[in-house]
Number of protein chains: 2
Amino acid sequence: MNLTESIKRPTLHEELVERLRNLVVEDALKPGEKVPEKDLCASFGVSRTPLREALKVLASEGLVVLQANRGARVTEVTPEELENTFPVIATLEQLAGELACERLDDAGIAHIEERHKDMIAAYKTRDRQAYFQANQDIHNALITAAQNEVLESHHRMLAVRVRRARFMVNLSDKRWAQAIDEHEQMMEKLRRRDAKGLGELMKLHMLNKFVAHMKALQT
Amino acid sequence: MNLTESIKRPTLHEELVERLRNLVVEDALKPGEKVPEKDLCASFGVSRTPLREALKVLASEGLVVLQANRGARVTEVTPEELENTFPVIATLEQLAGELACERLDDAGIAHIEERHKDMIAAYKTRDRQAYFQANQDIHNALITAAQNEVLESHHRMLAVRVRRARFMVNLSDKRWAQAIDEHEQMMEKLRRRDAKGLGELMKLHMLNKFVAHMKALQT
DNA sequence: AAATGTAATTATGAATTCATTATTCAGTCA
DNA sequence: TGACTGAATAATGAATTCATAATTACATTT
């Protein structure tokens, strides 16, 4: 079978969750900003019902907060929020690193190696856009390699929240170089399939990223 | 200020999320079971709108699955699901243990000590109900003590999913004794404020619980 | 002018209605 | 008998409507 692509027509509310989430992550909807249903309905061309359903989901993901009878607001990215989020991501990435090492086959490692090279190339040409993309691909690949749906979904939820912080800070040259170095070390552990080592490095990598973010925010 | 309790009048959909979640956790709604909106609306005395909003939230928490045009089903508790969930909970509890050690004051530790004694008492009289309750209280207290909202909310989501498994297996005498022993060790680490030690024990405790569950399921 | 009270407007929560998609079941034909 | 067709029924997705709470604008009082 499978002659054609399986027909997937997502429901409106699913579509809206996606679109709204992107708006929040891409910073089109600013933190603290009110999200008037009416306007969103108009711009998406849907009625309030599916939109409100979508907002409920976003709220349970922590991207917006709902106040009864007072509508939705995009959650603020506060230092406290980052302070709480990073350790949790870090510990999840540690677990992911360990599992990925055990479950990745040679082809999988080769694939990550490719993206790693892309990332290095982007670093050398100082192409921030390409760097962020390759970086994210690598992390996502490692998460996927862990083959744990629960881990993956919770990691995604948290990663989304942190990704918004990207718009707030500039990656310093020093931190950028450090991050590249950490990735080199991670690749080394991965090649040797050192599960514990990779896990620890990934955790540390996240916590260092956190420190860099906090420093940047304090200025 | 704060002269009176802040007035909280939850919206219907919030109330429904709570109630429905309980129904799933308490196993009143069985895994795999269809959840006809109509019946639920009738039994709760609400219209479909808030109920459907609640189902969307439950779906994003992974307690139900929504199939377009075919309604909601309670998610099955499969061995795969447990296999994926336990390691994630374990790693979160490890983090919680470490943070709790750093942040609990003497009064907080004393409070946990109390619940620990309750748990031991329940064990001696083989009062499963009281045991489960005290056990859960202890874990929750440690999570709360970590003072990390993100950690807490994600842990709660996962704990709910696992708690359902309780209805599927019987706690063996052997495992029960082992669990008590593990808790004794955890308390010892906590008294000494050995953050790393408590974290490792809590992780191990969860993984052992997982092994016990899997053994029980295989029979 | 500042503060308080009140009416008008707006936005939200929830119920209802409408439109589509599944499901059921009787009937037909091989 | 058993597989297929299609009408009837039921359930769901989405739009609309209604009710209520919040906000705003304005007036009144001091």
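Sequence lines set the chain letters: A, B, ... in the order given, protein chains first and strands last, and positions in each chain run from 1.
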Dump the pairs, protein N or O against N or O of nucleotides 9-11 of chain C, anything under 3.5 Å, distances to one decimal.
none

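Applying the ring-ring contact (aromatic ring centres under 6.0 Å, His included) criterion to His154(B), with sequence neighbours excluded, gives His154(A). Under the salt bridge (Lys or Arg N to Asp or Glu O under 4.0 Å) criterion, Glu93(B) pairs with no residue at all, not counting sequence neighbours.
Rounded to an integer number of Å, the gap from CG of Leu66(B) to C1' of dT21(C) is 16 Å. Note: CG (Leu40(A)) to C1' (dT12(C)) measures 14 Å, nearest angstrom. The nearest whole Å value for the distance from the CG atom in Leu16(B) to the C1' atom in dA14(C) is 11 Å.
Mapping Leu12(A) and Lys34(A) onto DNA chain D via the closest heavy atom, the residue that lands nearer the 5' end is Leu12(A).
Exactly one residue among His183(A), His116(A), His155(A) makes a ring-ring contact (aromatic ring centres under 6.0 Å, His included) with His139(A). That residue is His183(A). Results of the side chain to side chain contact (heavy atoms under 4.5 Å, CB included) test with Leu99(A) over Leu151(A), Leu104(A), Leu142(A) single out Leu151(A) as the only residue that passes.
Among residue pairs with one or both ends in residues 76-100 of chain B, those qualifying as ring-ring contact (aromatic ring centres under 6.0 Å, His included) are Phe86(B)-Phe210(B), Phe86(B)-His213(B); sequence neighbours excluded. For residues 44-76 of chain B, the set of pairs meeting the ring-ring contact (aromatic ring centres under 6.0 Å, His included) definition, not counting sequence neighbours, is empty.
Contact check of residues 47-61 of chain B against DNA chain D (heavy atom, cut-off under 4.0 Å) returns Arg48(B), Arg52(B).
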